[in-house]
Protein chains: 2
Amino acid sequence: MSGLPNVRRPATLASLAAELGVSRTTVSNAYNRPDQLSAPLRARVLEAARRLGYPGPDPVARSLRTRKAGAVGLLLTEALSYAFRDPAVTGFLEGLALACEQANQGLLLVPVSPEAVDVTAVHQAGVDGFVVYSVREDDPHFLAVLERPVPTVVCDQPHNVEGVDRVGVDDRAGMLGLARHLTELGHRRVGVLCMRLAAGRHDGPALPDRQAGATYPVQRDRLGGLRDGLAEVGVDWADVPVIERFEHSVAAGRDGAQELLAAHPEITAVVCTSDILALGALGFAADKGLSVPGELTVTGFDGVPEAERAGLTTVRQPVLEKGRVAGELLLQRGDRNRPRRVTLPTELIIGETSGIPRGDERFFSGW
Amino acid sequence: MSGLPNVRRPATLASLAAELGVSRTTVSNAYNRPDQLSAPLRARVLEAARRLGYPGPDPVARSLRTRKAGAVGLLLTEALSYAFRDPAVTGFLEGLALACEQANQGLLLVPVSPEAVDVTAVHQAGVDGFVVYSVREDDPHFLAVLERPVPTVVCDQPHNVEGVDRVGVDDRAGMLGLARHLTELGHRRVGVLCMRLAAGRHDGPALPDRQAGATYPVQRDRLGGLRDGLAEVGVDWADVPVIERFEHSVAAGRDGAQELLAAHPEITAVVCTSDILALGALGFAADKGLSVPGELTVTGFDGVPEAERAGLTTVRQPVLEKGRVAGELLLQRGDRNRPRRVTLPTELIIGETSGIPRGDERFFSGW
DNA sequence: TCGTCGAACCGTAACGGTTCAGACGGCCCT
DNA sequence: AGGGCCGTCTGAACCGTTACGGTTCGACGA
């Protein structure tokens with residue numbers, strides 16, 4: 001082909017119409033309503049388009065007129081690139097993508113300037129709706145999304161936003177089930193390793209104040225479920241140390257566990273609010289030569305594939321399904337005006353990382 | 001808040017201007033060029049906007065006028081949802097997302113209707129450019145992308161598309177290095193397990209005709225590198241069985257290996273053109289009780305984390321870097337008119353799945 | 001006193017389509 | 001012959017914004 005520079009101004013619908021001596025309407029119809037013009041004319045239009053290198057109606061102009069962008073926006077609290085590293089997120093993405101491609105809709109990942117208050121990206125996004133994945137209640141990007149006059153679906157958190165659909169799981173109940181499993185095994189000295197509870201970098205003990213001020217409802221609920229479960233056997237929540245980590249990574253889990261056990265060596269079970277953190281805790285135990293579950297019980301939350309491979313005791317949530325439902329909630333909304341709230345089931349997975357507390361032989365000797 | 005239905009027609013820049021008795025230009029400037037109007041007036045504008053619920057300039061209309069969409073499109077050959085399952089792809093995505101968020105650009109995943117010839121999604125996409133990830137040379141979606149008057153960057157394949165940037169690795173050289181490693185170990189009876197070579201579902205032996213008609217240059221090159229390496233020690237490529245799999249999954253690798261070894265039990269090394277397939281081959285060996293590398297050598301290509309954990313001998317390619325470069329090529333293009341071609345290095349990773357051929361003791365006894 | 005200048009604001013013309021209410025001619029039907 | 005209908009195509013309005021090239025006006029220097 002000729003070496004035309006890429007900067008050539010492409011043909012427009014109007015120029016094509018002029019060339020053919022027909023109205024713009026007719027050219028438009030050739031693309032969008034083939035039944036509105038005769039077959040021969042349509043063929044002529046399409047042929048001329050090919051000849052002139054007209055790529056078809058401009059998507060942006062079309063969007064402006066039709067008020068449809070053909071895409072849904074996805075807002076993640078973390079940096080975009082992080083999303084692809086967290087298996088729980090990729091599972092969610094997979095489900096969401098599934099729903100999107102079924103509806104032939106694009107999926108726009110909205111860039112979140114790290115730690116910046118710059119929400120222009122949210123304003124920039126040409127989308128028909130937003131899916132918001134697990135963000136803080138007071139996240140400025142989220143607030144910007146709410147201002148946009150498009151439907152929104154929240155996954156996981158925040159909870160109970162007026163007029164906004166939500167899909168999630170019952171984190172509290174899930175954790176309660178896990179807590180009962182642990183208390184039945186006999187655990188009473190429990191320590192917690194949790195994810196970020198609120199805005200701002202914070203690593204270390206999450207004291208009652210911090211817990212009370214948590215702006216991540218999911219974390220709040222998971223802690224709450226554990227508290228309730230422990231209360232059932234008379235364990236006072238005030239006696240349960242909670243270590244928080246800002247980063248969500250295996251490495252963070254590892255040194256979180258280190259911090260927890262250094263300060264509270266009496267602990268027999270480390271309850272993590274995510275599998276990733278739990279995998280880190282397992283790593284720490286391995287480093288220290290602590291046998292799991294012989295000397296230490298470790299549990300997670302999420303049920304990601306890696307955790308399954310590691311035999312982790314955890315609470316599985318249907319991440320892919322969450323994504324799919326989020327997409328469907330957004331794309332298949334009829335004219336309903338009442339927001340929908342979908343809660344998916346969790347499942348307690350008893351793996352090989354939970355056992356009776358060390359030094360507690362009653363389950364073997366008592367009978 | 002009041003229970004206003006979400007369907008209310010939002011205020012426009014024009015209505016806001018009318019309300020305030022200023023021109024539209026001024027309102028626009030309030031958002032885009034604060035220096036073009038006095039601070040008090042700007043405050044008045046913004047205050048009125050808040051009061052009237054004006055969410056700021058409509059992104060689509062803005063895009064139309066400014067000819068910028070603020071997003072790059074990503075075309076994947078596979079179904080969108082597949083992308084999140086392949087670790088090589090997620091690595092690439094991570095890098096690409098990194099580049100995008102750095103430039104504050106969105107990343108639009110273009111839905112590819114499975115197996116359909118429906119390229120409307122490509123036409124629909126409101127983007128400033130496309131990144132095309134590893135598609136067939138004759139992929140209709142890809143051809144549709146080329147017709148769009150926006151810059152395009154290809155990752156991996158196809159090769160040598162006129163006027164289009166590309167980033168990739170030297171697959172041929174990478175595989176050549178691996179081949180030499182194998183021939184140095186003494187392997188002469190080699191079998192190959194490769195990914196899809198061309199359009200159409202095909203599972204089973206890839207005979208010379210099929211190989212010659214391959215429309216996936218990456219697979220072509222990897223096979224070519226192996227052929228060259230084997231030729232160096234006098235092995236005729238015609239004697240090397242190649243099994244093709246349409247699906248790219250561990251399961252496919254497993255039964256591909258099964259097919260390969262059932263038909264050619266004399267083989268001492270299974271060379272896979274991807275780590276995923278190789279992991280499947282390892283699975284097959286484990287099922288059969290074949291020790292690796294004692295009785296069978298297995299190699300991969302890509303260097304994904306799972307492979308590393310499995311100790312696979314493979315060729316590592318910098319997937320994250322590929323994504324990053326692809327993004328930069330697209331976003332940081334100056335006015336250059338010459339297309340850029342970036343080739344990143346590969347690295348031979350000698351793991352624990354490659355050893356001397358079974359029954360070949362010359363390396364131990366010959367000296 | 002007058003010319004000049006910069007700050008502040010404005011009018012108009014795109015940007016590239018889609019949509020809807022017709023116009024027009026031919027055909028069938030009565 | 002006349003009326004109605006249908007298949008085709010057109011004209012003009014509109015989608016919501018920004019680019020471009022002004023205009024206005026008060027301050028200021030000579």
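Letters A, B, ... are given to chains in the order of the sequence lines, protein chains preceding strands, and every chain is numbered from 1.
Distance, A:L16 CG to C:dG16 C1': 13 Å, rounded to whole Å. Computed from coordinates, the A:H123 NE2 to D:dT18 P distance equals 13 Å when rounded to whole Å. For the pair A:L41 CG and D:dG7 P, the interatomic distance rounds to 16 Å; values are reported in whole Å. Protein atom CG of A:D35 is 11 Å distant from nucleotide atom C1' of D:dG7, rounded to whole Å. Remark: P of C:dA8 and CZ of B:R44 are 15 Å apart, rounded to the nearest angstrom. Across the protein-nucleic acid pair, A:Q36 atom CD and C:dC20 atom C1' stand 11 Å apart, rounded to whole Å. Here D:dG16 presents its P atom at 7 Å from CG of B:D58, a figure rounded to the nearest Å. Separating the CG atom of A:L20 from the P atom of D:dC9 is a distance of 12 Å, rounded to the nearest angstrom.
Within 6.0 Å of the CD atom in A:Q102, the count of heavy atoms belonging to other residues, nucleotides or ligands does not exceed 12. More than 12 heavy atoms of other residues, nucleotides or ligands lie within 6.0 Å of CZ in B:R341, so this atom counts as buried by the packing criterion.
With D:dT10, C:dC10, D:dT17 as the choices, the nucleotide that has an atom nearest any side-chain atom of A:S23 turns out to be D:dT10.
Among the atoms of the strands shown, only primed sugar atoms or phosphate atoms (P, OP1, OP2) are found under 4.0 Å from some heavy atom of A:V22. Within 4.0 Å of A:L37, counting heavy atoms only, lie sugar-phosphate atoms of the nucleic acid but no base atom.
Near DNA chain D, meaning a heavy atom under 4.0 Å from it, residues 25-33 of chain A has A:T25, A:T26 in order of number.
Contact between the side-chain N/O atoms of A:S38 and the OP1/OP2 oxygens of D:dC9 is found at a separation under 4.0 Å. For C:dT18, the OP1/OP2 oxygens have a side-chain nitrogen or oxygen of A:R62 closer than 4.0 Å. A:T12 has no side-chain polar atom (N or O) that falls below the 4.0 Å cut-off from OP1 or OP2 of C:dC15.
A donor-acceptor contact under 3.5 angstrom links the side chains of A:T26 and A:S23, judged on distance only.
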The test is salt bridge (charged side-chain N to carboxylate O under 4.0 Å, His left out); show your working for B:E19 and B:R51 and say whether it passes.
CA-CA 11 Å; B:E19 170 86 10; B:R51 185 161 43 80; 3.6 Å; yes
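Electrostatic pairing of A:R44 and A:E47 does not count as a salt bridge here, judged by no charged N lying under 4.0 Å from a carboxylate O. Residues A:R67 and A:D128 are not paired through a salt bridge, judged by the lack of any N-O separation under 4.0 Å between the basic side chain and the carboxylate.
By the 30° and 60° cut-offs, the orientation of the rings of B:F92 relative to B:Y133 is tilted.
A residue-by-residue look at A:P57 and B:R65 shows that B:R65 has its nearest nucleotide of DNA chain C further toward the 5' end.
Applying the 3.5 Å distance criterion, the base of C:dG16 shares no donor-acceptor pair with the side chain of A:R24.
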